[in-house]
Amino acid sequence: MTYSIGDLARATGVKPTTIRWYEQEGWLPSPARTEGGHRVYGDAHLRRLGFIRHARELGFESEAIRALLELADHPDADCGKAHALAIGQIREIDARLRRLAALRQELDRLAMSCAGGVIGQCRIIETLSDFDHGHCADPSHRGG
């Protein structure tokens, strides 16, 4: 089956500009062209673009996706590097979750400090206006 860039975009949920960028980066092989110069994609492009999109959804950074694509191109190679990339991504997600939990705790503390009233006496506005984060419980947020 063949796809125009618009068809491919609709089938994968990836914008045409992003598809072209993936081509420029070498993540997608260059498609065939019609006599009029329009790109013509095949099922291999669709599968590879799906792979890229799924890797993006899992939060892999560009460098890791490039490495995973290279690995996918060598089906008989050892999968140790893919495993290491996945473990690295799990660690990154865990670190983000810790940061989000700290942010949530701080925001909860901030919201609980608001007893209502007028904006001029609002602890939320006052705290957000404190550029040095003097009210923040997380020492890493303090200005230096």
Side-chain angles (χ1 to χ4, degrees), residues 1-33 37-75 77-144:
M1 183 164 191
T2 61
Y3 306 88
S4 69
I5 196 166
D7 294 335
L8 194 62
R10 281 186 289 283
T12 61
V14 177
K15 295 178 182 178
T17 53
T18 304
I19 293 170
R20 287 190 289 274
W21 185 83
Y22 290 158
E23 287 175 34
Q24 291 171 348
E25 291 297 307
W27 292 15
L28 277 179
S30 295
R33 299 275 183 157
H38 296 281
R39 293 169 166 85
V40 179
Y41 299 89
D43 287 330
H45 292 98
L46 180 70
R47 285 189 301 276
R48 192 159 176 104
L49 192 53
F51 181 101
I52 294 167
R53 182 167 187 230
H54 195 189
R56 283 270 190 224
E57 288 170 348
L58 291 172
F60 284 102
E61 297 292 331
S62 295
E63 184 178 314
I65 293 172
R66 187 179 308 281
L68 289 165
L69 287 167
E70 178 66 28
L71 291 168
D73 288 340
H74 298 93
D78 179 71
C79 69
K81 180 153 179 152
H83 180 261
L85 288 166
I87 294 299
Q89 185 59 21
I90 290 168
R91 288 186 180 131
E92 177 57 33
I93 289 169
D94 288 343
R96 272 190 246 148
L97 287 171
R98 285 189 298 276
R99 288 190 303 270
L100 285 171
L103 287 172
R104 198 229 183 267
Q105 182 180 17
E106 182 62 23
L107 189 55
D108 188 48
R109 188 186 67 73
L110 181 63
M112 297 309 282
S113 72
C114 181
V118 297
I119 289 294
Q121 297 173 344
C122 179
R123 294 282 295 144
I124 294 171
I125 300 300
E126 178 185 334
T127 302
L128 291 173
S129 297
D130 181 1
F131 296 174
D132 290 327
H133 299 286
H135 296 74
C136 186
D138 185 341
S140 70
H141 292 176
R142 290 194 182 15

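Values in this document were obtained by computation on a predicted structure and should not be read as measured data.
Using a 4.5 Å heavy-atom cutoff, the side chains of E106 and R109 are in contact. T17 is not listed as a side-chain neighbour of W21, based on a closest heavy-atom distance of 4.5 Å or more. At least one side-chain heavy atom of R39 sits under 4.5 Å from a side-chain heavy atom of R33. Looking at heavy atoms from C-beta onward, Y41 lies out of side-chain contact with L49 at the 4.5 angstrom threshold. Between L68 and F51 there is a side-chain heavy-atom pair separated by less than 4.5 Å. Contact check for W27 versus S62: side-chain heavy atoms found under the 4.5 Å cut-off.
Nearest heavy-atom pair, L46 versus A11, reported as atom, atom and distance to 0.1 Å: CD1-CB, 3.8 Å. Nearest heavy atom pair, residue P29 against residue R48, reads CD-CD, 4.0 Å. A pairwise comparison of heavy atoms in F60 and R56 identifies O-NH1, 3.9 Å as the closest pair. The two residues G80 and D78 make their nearest non-hydrogen contact at N-OD2, 2.9 Å.
Once rounded to the nearest 0.5 Å, the distance linking CG of L58 with CG of L85 reads 12.5 Å. Atoms CE and CD1, on M112 and I124 in that order, are 10.5 Å from each other to the nearest 0.5 Å. For the atom pair CG (L8) and CG (L28), the distance works out to 7.5 Å, reported to the nearest 0.5 Å. Atom-to-atom distance recorded for E126:CD and C114:SG is 11.0 Å, nearest 0.5 angstrom. To the nearest 0.5 Å, the span separating CZ on R123 from CG on L128 amounts to 11.0 Å. For the atom pair E23 CD and I5 CD1, the distance stands at 6.0 Å (nearest 0.5 Å).
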- Message: salt bridge (charged side-chain N to carboxylate O under 4.0 Å, His left out), that's the test. Do E57 and R53 meet it? Break it down for me.
- Response: CA-CA 6 Å; E57 288 170 348; R53 182 167 187 230; 3.5 Å; yes
- Between R99 and E92, does a salt bridge (charged side-chain N to carboxylate O under 4.0 Å, His left out) hold up when you go through it step by step? CA-CA 11 Å; R99 288 190 303 270; E92 177 57 33; 3.4 Å; yes
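Under the 3.5 Å distance criterion, the side-chain polar atoms of H45 are matched with a main-chain donor or acceptor of G42. In this structure a side-chain-to-backbone donor-acceptor pair under 3.5 Å is missing from D94 to R91.
Under 3.5 Å, the side chains of T12 and R47 contain no donor-acceptor pair of N or O atoms.
Counting non-hydrogen atoms of other residues, nucleotides and ligands closer than 6.0 Å to CD of E61 gives a total of 12 or fewer.
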